[in-house]
Amino acid sequence: MPDHIVVLLAKPEGRKLVRKHCLENGFDIHLMQELVEAELEQVGKQRKAGLWERFDDILDRMDIESDASQKD
């Protein structure tokens with residue numbers, strides 16, 4: 001993800017804050033970044049074809065990882 005687009009993720013203190021909140025809420029920061037990247041890839045397009053499918057894929061992986069960690 002280009003650092004200059006999402007300022008909060010571009011600066012170390014911003015990434016630290018995001019990581020802290022992700023950890024507190026049991027949310028993988030990498031999945032959050034993937035969701036942001038999916039949206040950023042659509043910037044400038046009139047139709048956001050495939051965005052919801054991409055979101056579903058990312059969130060489904062999150063559910064699978066969560067289910068797997070609960071079984072351990």
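The structure presented is a predicted model; accordingly, all values stated were derived computationally and were not measured.
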Validation row: [X], [Y] side chains within 4.5 angstrom (heavy atoms):
X: H21; Y: F27; result: no
X: D28; Y: M62; result: no
X: K20; Y: K16; result: no

Practice problem: Check the pair D57, E53 against side-chain contact (heavy atoms from CB on, under 4.5 Å), reporting the backbone distance first and the verdict last. | Solution: CA-CA 6 Å; D57 176 56; E53 291 84 5; over 6 Å; no
Quiz item: How close do R61 and L31 get, heavy atom to heavy atom, and via which atoms?
Solution: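 Minimum heavy-atom separation between R61 and L31: NH1-CD2, 4.0 Å.
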Exercise. For E39 and K48, work out which heavy atoms get closest and say how close.
Key: OE2-NZ, 2.5 Å
With a 4.5 Å cut-off on side-chain heavy-atom distances among I, L, V, M, F, W and Y, is there a chain of contacts connecting [X] to [Y]?
X: W52; Y: L59; value: yes
X: L23; Y: L8; value: no
X: F55; Y: V6; value: yes
X: L51; Y: M32; value: yes

Quiz item: At what distance, to the nearest 0.5 angstrom, does CG of L40 lie from CD of Q33?
Solution: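 Spacing of CG (L40) from CD (Q33) equals 11.0 Å.
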